[in-house]
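Here the structure is laid out as structure tokens; the discussion comes afterwards.
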Amino acid sequence: TIVKIPTLLCSKWKLNKVIDNRVEELKAMATCSKCLKKEQPGDTDQMLLCDGCDLEIHVSCAGLASVPMGDFLCAGCLEVLKARRKANSGNVLRDADGIRSLKAHLPVPPRLDGETVALAERADKRFKEEVTMRREQALVELNENQRVLEHTFTDRIAKLTRDYSTQLDVVRREEGRTAQAKSVILGRSGLLGCRIRSYGKSHIHYRNEDGSKGTVYREATHDMHRRNRTKVTKCKDWNKYYAKVQNCSAELSAMPEKVTLQNAKNELASLDQARVQAHSDEHERTSMDEEDRKALLLRFAALLSEPQLNFEKKNEYRARAGFKSMFLGVVKLEEADIRVLNLLKEPTELVLSIPVESAVSIDVDEEENEAGLEYYLFGTALLFSSERNDALPMSFAPTSMRMAQRDLIAMLLRDQRNQPLQVTSPVVPSSVALRGTNNEDVRLSEITKCFELGELVRDCHYPIANMPSSKTPKRLADDGLVLRDYQKTSLQWLLDKESNPTGMGANGELWSRMRGMNDSGSQTWYYCELTGTIVKDIFDYASDVEQSDAAPLSGSSFPSSAIIGSEMGLGKTVIALSLIVASPPSIQNKVLPRENIAKINHPAYLAPPSVKIKGGRASILSNGTLVIAPMTLCPQWMAEIKRFAPWMSVLTLHNEERHSAEEIASRDVIVISTFLLANSTRGNTKKSKTADLLNKLKRIHFHRIFLDES
């Protein structure tokens with residue numbers, strides 16, 4: 001296609017329009033963004049095109065005398081670079097290339113004052129003294145218990161050995177008595193003894209009247225010539241003497257000596273089994289004693305943050321090395337506090353209470369807290385374990401663990417000396433109504449119905465009268481959009497959701513950010529009053545979703561989240577569109593529209609903040625909003641944007657379109673169908689176009705993601 005291009009137009013402007021295939025804009029000429037006059041072929045004032053954002057402006061309107069050499073950036077792009085450079089100075093998080101990193105991190109807590117530092121130092125000193133003393137006492141008690149057990153086991157084995165020897169003599173004596181009684185019975189029939197077998201060789205010994213002795217035999221073997229038959233060979237007098245044996249058998253079975261002998265043998269077998277078991281128990285006890293000793297030393301080594309023990313495995317040491325017992329605060333115990341601390345010690349000690357005043361000695365088993373005395377409280381690693389907290393039932397009975405954890409925090413915060421413990425408290429904006437109540441002063445712990453589905457359904461009818469609302473964004477209003485009152489309320493609610501001042505995103509509405517007051521307050525943890533939960537980390541999303549390729553979090557804050565739950569037809573799409581316009585990225589984190597797809601050569605240029613995905617692969621920062629919607633809703637998004645925001649750059653992906661990741665990241669709105677994403681895992685993923693597209697999307701750090709009925 002041959003297009004007639006006015007000769008006075010900026011060559012760079014013409015080239016970019018041709019490359020982008022935006023021929024219609026060439027035909028319609030350019031319009032200056034400042035004076036709003038269109039370019040005419042005879043104009044002497046040339047039109048410039050910003051290399052950062054495609055903005056069109058006359059040379060004179062840009063404050064220039066002529067077309068500049070190299071790249072041209074408009075005032076808006078220069079403001080972004082200025083803010084970017086200012087944010088890049090000072091002590092900021094940087095990547096390996098020295099560029100400011102957008103890896104999500106919380107604001108640095110305020111420094112502890114001198115009085116708190118001194119309190120923590122005293123507490124740490126007392127903690128080390130007390131825990132060291134407890135370890136010594138525990139080792140003494142362990143050694144004593146093991147010594148007592150050793151003597152008990154030794155005495156038991158010695159007694160069983162003596163009893164076995166005695167019973168063996170009894171068995172031998174009874175065997176003699178039984179043999180003598182058997183001889184008497186057999187002697188009356190002229191028999192000396194016998195051995196009868198159903199198969200094999202049997203014999204009967206007898207005594208004749210003249211005193212001579214004899215033996216008769218019987219042998220039962222397999223007949224080789226007759227299948228399944230037995231061949232019997234016996235002496236001619238076998239039946240005669242076998243009949244005598246049968247006559248004596250009833251008397252032999254009823255012998256009291258035989259019953260006594262069997263009882264003695266049973267007792268001997270029982271003693272022998274007990275003796276073997278005692279030796280096995282002794283061997284196991286020795287092994288368990290060593291394991292108990294190691295477990296005790298490991299427990300105290302973890303409490304005292306000691307170096308790796310000589311028997312400790314590397315992975316075990318690494319697991320405990322990253323945590324030091326946290327100083328939670330100092331409290332003067334009341335009677336109710338003692339019950340709370342006792343609950344937090346069963347079945348495993350979660351909180352250590354250290355008397356402010358040292359005691360002469362400690363009995364580990366009988367250690368008791370006393371009301372009216374002051375104690376330093378320290379939290380162990382298990383107190384902050386997410387696995388332990390996840391396993392706790394959602395019960396708030398007075399004796400439940402969750403209620404005990406609530407009471408622990410309340411106990412700590414009632415003392416003014418412990419105020420630095422809490423870095424931030426939950427911030428619930430006025431546009432958010434606490435579920436189950438209309439009282440703005442209610443505490444989170446007083447809301448008891450938030451876990452009931454029926455309460456959630458009834459809350460859908462919460463009145464919005466007098467709720468905070470936001471105005472229709474000006475640029476959308478200029479294109480004819482007029483938000484209704486309920487839409488303005490929803491918009492304000494979304495804006496509040498995206499700007500939680502705690503820096504914790506959506507978590508900032510329910511979680512308190514806490515810290516240990518030792519080690520200059522460097523160890524942080526989190527507390528949710530609503531659920532009575534205490535954990536070390538609430539931002540390990542990769543583990544929560546169990547995705548090995550999940551990217552680390554990036555952005556000026558941790559993720560916020562919300563659900564627009566209006567019924568169909570009430571304008572959820574325009575509410576979302578209004579949020580896109582009303583809540584853009586902060587100016588220092590903005591990306592110039594063209595810098596992802598073209599290199600900018602300008603003295604003021606500074607690369608945008610860095611976002612790194614897992615594995616350190618290259619990633620792209622985007623101002624755009626990703627919309628994931630069913631195919632049937634994609635046209636609706638396009639229609640609403642075309643109607644109220646025609647100036648937005650939009651890209652729709654629903655049929656394996658081929659676009660580079662840089663092109664996708666440069667658009668204001670990217671609409672992708674759920675059908676396309678569902679197909680991304682089918683077939684050979686290495687060759688699939690949809691899988692390739694999904695990999696491109698994973699490289700992009702979007703400013704916002706909408707899931708529309710998806």
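One-based numbering along the sequence shown. All values derive from a computational prediction rather than experimental measurement.
Two residues are said to be in side-chain contact when any heavy atoms from C-beta on lie closer than 4.5 Å; S353 and K345 meet this criterion. Considering only heavy atoms from C-beta on, Q146 stays 4.5 Å or farther from L149 through its side chain. Proximity of W511 to T502: side-chain heavy atoms (C-beta onward) are nowhere separated by under 4.5 Å. A heavy-atom distance below 4.5 Å is not found between the side chains of L383 and W525. With a 4.5 Å cut-off on side-chain heavy atoms, Y375 and E370 count as touching. The side-chain heavy atoms of E267 and V170, taken from C-beta on, include no pair separated by under 4.5 Å. Contact of the F706 side chain with the R704 side chain is registered, since non-hydrogen atoms from C-beta on lie closer than 4.5 Å. Counting only heavy atoms from C-beta outward, the side chains of I534 and Y526 never approach each other to under 4.5 Å.
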| query | Should R339 and N369 be marked as a side-chain hydrogen bond (donor to acceptor under 3.5 Å, both in side chains) after you check the CA-CA gap, both sets of side-chain angles, and the distance that decides it? | reply | CA-CA 10 Å; R339 176 188 60 83; N369 298 313; over 6 Å; no
| said: side-chain contact (heavy atoms from CB on, under 4.5 Å) for K86 and Q588? Distances and angles first, verdict last. | reply: CA-CA 8 Å; K86 182 178 180 181; Q588 68 269 22; over 6 Å; no
| query | Given Y527 and F384, is the ring pair (Phe, Tyr, Trp, His ring centres under 6.0 Å) satisfied, shown in steps? | reply | CA-CA 9 Å; Y527 165 64; F384 307 98; over 10 Å; no
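In plain terms, the two heavy atoms of P110 and R515 that are nearest each other are O-NH1, 2.7 Å. In this structure, G505 and N500 approach most closely via the heavy-atom pair O-CB, 3.5 Å. Considering every non-hydrogen atom in both N507 and F539, the closest pair reads ND2-CE2, 3.3 Å. Contact detail for G503 and L106: the closest heavy-atom pair is O-CD2, 3.6 Å. Taking both residues in full, the closest heavy atoms of P398 and L343 are given as O-CD1, 4.0 Å, listed atom of the first, atom of the second, then distance. When all heavy atoms are compared, the tightest approach of A607 to I99 is CB-CD1, 4.1 Å.
Here CG of D113 is found 11.5 Å from CD of Q419. Values are rounded to the nearest 0.5 Å. Separating the CZ atom in R156 from the OG1 atom in T154 is a distance of 11.5 Å, to the nearest 0.5 Å. Rounded to the nearest 0.5 angstrom, D390 CG and S385 OG are separated by 8.0 Å. For the atom pair E509 CD and C528 SG, the distance stands at 11.5 Å (nearest 0.5 Å). Atoms OG1 and CG, from T132 and L304 in turn, are 5.0 Å apart once rounded to the nearest 0.5 Å. Once rounded to the nearest 0.5 Å, the distance linking CG of L341 with CG of L333 reads 5.5 Å.
Residues that satisfy the side chain to side chain contact (heavy atoms under 4.5 Å, CB included) test with T166, not counting sequence neighbours, are absent from this structure. With sequence neighbours excluded, no residue forms a side-chain hydrogen bond (donor to acceptor under 3.5 Å, both in side chains) with S560. Remark: S512 pairs with Q422 by the side-chain hydrogen bond (donor to acceptor under 3.5 Å, both in side chains) rule, at least two apart or across chains. With sequence neighbours excluded, the residues satisfying side chain to side chain contact (heavy atoms under 4.5 Å, CB included) with E335 are I338, A371. Every residue meeting the side chain to side chain contact (heavy atoms under 4.5 Å, CB included) condition with E144, not counting sequence neighbours, appears here in chain and number order: R147, V148. The salt bridge (Lys or Arg N to Asp or Glu O under 4.0 Å) check on D537 picks up nothing, with sequence neighbours excluded. Here N389 pairs with L392, Q405, T533, V535 under the side chain to side chain contact (heavy atoms under 4.5 Å, CB included) rule; sequence neighbours left out. With sequence neighbours excluded, no residue satisfies side-chain hydrogen bond (donor to acceptor under 3.5 Å, both in side chains) with K536.
Listed for the T380 side chain is a donor-acceptor partner under 3.5 Å among the backbone atoms of L350. For the pair S270 (side chain) and N266 (backbone), a donor-acceptor distance under 3.5 Å is absent. A donor-acceptor pair is defined here as one N or O able to donate and one able to accept, closer than 3.5 Å; no such pair exists between the side chain of S287 and the backbone of E284. Checked by atom type and distance alone, the side chain of S499 pairs as donor or acceptor with a backbone atom of L495 at under 3.5 Å. A donor-acceptor pair under 3.5 Å is absent between the side-chain atoms of T116 and the main chain of L112, judged by distance alone. A donor-acceptor contact shorter than 3.5 Å links the side chain of N145 to the backbone of E141. Side chain of T286 to backbone of E282: a donor-acceptor contact under 3.5 angstrom is found. Under a 3.5 Å cut-off, the side chain of R275 and the backbone N or O of L160 do not form any donor-acceptor pair. Using modelled atom types, one side-chain atom of H703 and one backbone atom of S583 make a donor-acceptor pair closer than 3.5 Å. Looking only at distances, a side-chain donor or acceptor of R402 sits under 3.5 Å from a matching main-chain atom of T531.
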Please list, one pair per line, the donor and acceptor atoms closer than 3.5 Å that link side chains of residues 322-332 to other protein atoms, with sequence neighbours excluded.
residue	atom	partner	partner atom	Å
K324	NZ	D519	OD1	3.1
S325	OG	L303	O	3.2

Give every donor-acceptor pair under 3.5 Å between a side-chain atom in residues 288-296 and any protein atom, sequence neighbours left out.
residue	atom	partner	partner atom	Å
D289	OD2	R285	NH1	2.4
R293	NH1	N143	OD1	3.3

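A salt bridge between R299 and E349 is present, with a side-chain N of the basic residue lying under 4.0 Å from a carboxylate O of the acidic one. A salt bridge does not link R126 to E357: none of the charged side-chain nitrogens sits closer than 4.0 Å to a carboxylate oxygen. Electrostatic pairing of D155 and K159 does not count as a salt bridge here, judged by no charged N lying under 4.0 Å from a carboxylate O.
Pairs passing the salt bridge (charged side-chain N to carboxylate O under 4.0 Å, His left out) check and including a residue from residues 392-401, sequence neighbours excluded, do not occur. Listed by first and then second residue, the salt bridge (charged side-chain N to carboxylate O under 4.0 Å, His left out) pairs that reach into residues 302-315 are R135-E306, E312-R320, sequence neighbours excluded.
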